[in-house]
Every structure is written in structure tokens, then in C-alpha cells.
Amino acid sequence: MTASTVRQQPVETVKADHILVGRVRDSFVGTTAASGFLNLLVISSDTVPSTFTALRLDSAVISLPFDQIYGSAAQPLRLDLKDLQQPLDERAVYNSASTVATGTSLLTNFEAPLNRNRLVKQRVASGNSGDTTTTVTTALVPDRVVRIRMQKYPATATLANSVFAALKDGTPSQSKLDAVWKGLALQPSAGHLGSIAGFTSNTSANVSFYYTGTSTTGKVRTRQYRLLLAHGLSSVPGKYFTQVNTDLSGTALAGLTTAQSTLPPSATNGFTYAQEGTGLATRIEFQGLDNLRNNAELAINRAELLIPVKQFSNGLFSYPNGLYLYEVNSANQVLTRTVGATVAERMVQQEGLDKNGARLTPTRTDFPVSASIPAGQDPVQYYSVSITEYLQAYLQNRLDGELPSGLILSPVLRANLSLGLSRAQLDANNIKLRVYYSKLR
């Protein structure tokens, strides 16, 4: 196999499973900066009862749960908060290269710890039935939520009061919210360099307003009202995306100056790259298969692709879970196939049967295969994947369309809308395709 590094941009980041925020420097790839832009959403099931009187806003908290850290967690993430001039448009296209107009600066250089723990109490019952003893124990558990207490800072306190005043009448609506708070931008502060956090999608990503009111019975009640951050739940409308910029200058990859350029491994010390978020991927091309091509008497018994990695290269960026194989032309453009009314990208498919018992063929588009790390490797040495049926179809020109000039190994399955920065450094000179074949009689 021959291999080279390519860069495919922009990267699809809209409505992905994470929003990335931060900036990190890496000697191999350069400096990557990520900023998140998102709408805020009214939750129909959350209201402030219209029967409450004497309402008082006690506090407002922006909660941002995270489960990814690229770089060092020892130093806090420093970020800036701004509001948007307009909500993100459901009809507009956003990706890693998109920019949107921001408005008021709400916070500058906010310090968000990434390694904080919290003390929790647990009740443990012991003993036999009828003679049990309950003890209370404490334990430290990771606290992986960035909390921004809006009432502590003048600009965010003013905003919180305005939002609560607009929505407290018992009939909150998206239009009322958009009139006072059009969206949120999360950007790394100018001096921050050392980490990027991946904020995850769940309903804990919200803005909570804690208030006190008097009920119709005259009792004083303390309640919570929430707004959902747009990435908090994928089933509701609302838009968000991550802007990602990687400055390759000063590194061996600086030669990737255009979206379709190709860099040989001789320029990168014998390695190629495949990384989420940055658009970096590895192009491979088959070599030495001419004597097997268009030979109806040959049967491919097994074809296995072996992709060695640089050992211990996952200190800053973890290894991707898998590498997907896209069929491309000489310009590194992914080939497509029309299935009914849908145009789908061509990818190497899984082998065997689908859940309905139908045979998986190389010309399908709904079961892409990925090269994975075999279980038990310590340290990780290589990825592997079987492409037996694909190679048989490739050699006999049965791929139902243009024959690809190469495959691109990418950790990104765009249909899944996943976003991270996992990376593999691949030993380009030792990528191999092992082919076991026999002659039909």
C-alpha cells in the first residue's frame, strides 16, 4: 500500500454529539482552537406558575456537562461568553468553518475547573432482614460540569433578570426568549492554551433559574425554571455547531495548504494522520494487484487490511475507536451512489448478513465497516479490518460505478454526527493488505 496525509475541510459539526471549546498546541499538528455557538430553547413542560405572586429570582446557573478533555485537566479552561446577534437559522448551513455575528460580551476569561471532585453521601444498609443497620458514607466523585453562576457577574446578572422577567408570566414562548437572549457563544479566552473540553449532549446542559414565589395559599415556595441549551437534547428543534480552526504552520503538516492537497509520508517522518475535528485523514492506494484484476478464475478467500500505529502516541489525543474507509477519486473527493431518491457516500461495507438476513454487498451504503484495534493489544500496535468481498468486487470491477483510485481512512462517520479530536498516527510505510486467494477449478 502507498499512503499519504490529506485534509478534508470543512468538517461537519452542526448538531453533533459534542460542542468543543478551548485551545491546545501540539508539535505534530499545530494549534487547534474550538468555539461553540448555540441557541437556547424554551421547554414546554417547564413554566413559572401564573398563580405565583411576589416572584423573586434568587440565582441563575448555566450548566455545561463535559466528558472529553484534550490536553491537560490540571489547568482550568478559560473561556469567554458572548450572546449572538441573531439565533442560529434552521435553514442555514453551518460547519467547522462557519462564523456568526456575536453581540454583547457577557464574561471574559471565566475560569472553569476541569478536574474538580465533589463529596457525596451514600446510605449503606447492612445486616440481616429484621436487624439492619444503616450507615452513611462519603465518597469523592468526579464533578464534570462547568457551572456559570450568572448572578455573580454584572453583565450576566442583568441578562438573567431580563430573561426571567420576560418568561415568568406562566406562558413562556420561544419568541419571548429570542427577544431578550438570541443565543450563546462559548470561546476560548485569548490567553488560554492547554486544553479543549467536549461538552456533551444531555438535558443537564441548561440554564436554571431558581426563584421564590408566593402560592395562592399564601405559602412561600422555592422553585426551579429551566431553559435548554440547544445541544442538550437532539429530539427538539434548535441549532448549534462548533467552529474548529487548526493552524498547521510550524509543523510538518504545513504543506497541506488546500482542502484537497496530499502530503507524502516522507514529509512527516514516515507517518500519516487521521484525526477527528481537524479534517486530517490518510489516503491509501492498492499496489501490485494487476495480476489479480479481471480474472474470473480467482477467488479471494480473505483480504485483511493491517494499519500499524505509532506506539504510545495517544498521550494528548486518544486513539479513535475506528477508522472508516471512504472510496475516493484522484482529487480525494468521496464517490457517491444514488439509492432511490438519496445520494449516499460510497464506503467499504461490512460483510455477512444484516439484521433481516439479507446479504451485505459491497455496493450497499447502510452498513459501513471500520478498522478496529483487536482486543488484547497492550500497547496498541495496529488497526485491522477484513475487506474480502470488497476486494473481490474491486478486482472484478463490480462496484457499480467509477472505480476508486484510493481509500481514505477517517475516524469520522459523518452520518453519526460525532465530534471529538481523537487521533491516530499511522506508520505509513508498513500499511499492508494481506490477500489469500485460490484458483477456481
Side-chain angles (χ1 to χ4, degrees), residues 10 12-22 33-44 46 60-66 77 79-108 110 112 146-151 153-167 172-189 197-209 225-245 417 419:
E12 297 299 324
T13 63
V14 69
K15 290 193 172 183
D17 59 354
H18 287 85
I19 283 179
L20 304 181
V21 181
S35 301
F37 301 86
L38 58 155
N39 290 338
L40 296 104
L41 306 173
V42 167
I43 308 174
S44 59
D46 259 29
V61 181
I62 302 174
S63 297
L64 298 163
F66 62 93
L77 172 67
L79 52 85
D80 299 341
L81 270 73
K82 299 178 182 178
D83 61 11
L84 303 183
Q85 290 188 6
Q86 296 295 332
L88 300 181
D89 191 343
E90 282 292 323
R91 297 165 295 180
V93 176
Y94 301 98
N95 52 50
S96 63
S98 300
T99 59
V100 295
T102 57
T104 306
S105 180
L106 303 173
L107 274 179
T108 302
F110 175 80
V146 170
R147 297 179 182 84
I148 303 172
R149 306 186 187 282
M150 300 180 71
Q151 300 297 77
Y153 312 98
T156 52
T158 299
L159 176 61
N161 291 330
S162 299
V163 172
F164 187 71
L167 303 179
S173 67
Q174 192 65 42
S175 60
K176 289 179 182 179
L177 172 61
D178 291 343
V180 291
W181 198 358
K182 295 178 172 55
L184 185 63
L186 300 164
Q187 301 173 310
S189 300
F199 295 104
T200 188
S201 300
N202 61 59
T203 53
S204 298
N206 61 54
V207 184
S208 294
F209 297 85
Y225 172 71
R226 297 176 304 154
L227 298 174
L228 199 65
L229 299 180
H231 72 299
L233 196 62
S234 60
S235 62
V236 299
K239 212 156 199 180
Y240 60 92
F241 75 96
T242 298
Q243 179 189 84
V244 185
N245 176 60
L417 298 177
L419 180 62

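Here the side chain of K239 pairs a donor or acceptor atom with the backbone of A92 at under 3.5 angstrom. Of the possible donor and acceptor atoms, one in the side chain of Q174 sits under 3.5 Å from a partner among the backbone N and O of L40. Of the possible polar contacts, none joining the Y94 side chain to the T242 backbone as a donor-acceptor pair under 3.5 Å is found. For T104 (side chain) and D83 (main-chain N/O), no donor-acceptor pair under 3.5 Å exists by modelled atom type. Panel note: side chain N39, backbone Y240; no donor-acceptor pair is recorded below 3.5 Å.
Side-chain atoms of N95 and V14, non-hydrogen and from C-beta on, never get closer than 4.5 Å to each other. Looking at V207 and M150, their side chains come closer than 4.5 Å, going by heavy atoms from C-beta outward. A 4.5 Å side-chain heavy-atom check between S96 and P10 finds at least one atom pair inside the cut-off. L77 has its side chain out of reach of F66: every pair of non-hydrogen atoms, C-beta onward, lies at least 4.5 Å apart.
Rounded to the nearest 0.5 angstrom, L229 CG and L186 CG are separated by 8.0 Å. Here the straight-line distance linking atom CD1 of I62 with atom CZ of R147 works out to 13.0 Å at 0.5 Å rounding. The structure places CG of L79 at 6.0 Å from CG of L81, a figure rounded to the nearest 0.5 Å. In this structure, CG on L184 lies 7.0 Å from CG on L84, to the nearest 0.5 angstrom. F199 CZ to L38 CG: the interatomic distance, rounded to the nearest 0.5 Å, is 10.5 Å.
Residues meeting the salt bridge (charged side-chain N to carboxylate O under 4.0 Å, His left out) test with K182, sequence neighbours left out: none. By the ring-ring contact (aromatic ring centres under 6.0 Å, His included) test, F37 is found to be paired with F241, residues two or more places apart in sequence or in another chain being considered. Taking the ring-ring contact (aromatic ring centres under 6.0 Å, His included) definition, one finds that F164 meets it with Y211, sequence neighbours left out.
Side chains of D80 and S189: a donor on one and an acceptor on the other come within 3.5 Å.
Closest non-hydrogen pair, S35 versus P188, comes out as OG-CD, 3.3 Å. The two residues T108 and S105 make their nearest non-hydrogen contact at OG1-OG, 3.5 Å. Of all heavy-atom pairs spanning D17 and S201, the tightest one is O-OG, 3.2 Å. In plain terms, the two heavy atoms of L167 and S173 that are nearest each other are CD2-O, 4.1 Å. Taking all atoms of both residues into account, the shortest heavy-atom contact from Q151 to A160 is OE1-CB, 3.6 Å. For I148 against L107, the heavy-atom pair with the smallest separation is CG2-CD1, 3.5 Å.
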When you look at F209 and L227, which way does the side chain to side chain contact (heavy atoms under 4.5 Å, CB included) test go after all the steps? CA-CA 8 Å; F209 297 85; L227 298 174; 3.7 Å; yes
May I have the step-by-step check of side chain to side chain contact (heavy atoms under 4.5 Å, CB included) for Q243 and T99, ending in yes or no? CA-CA 7 Å; Q243 179 189 84; T99 59; 3.4 Å; yes
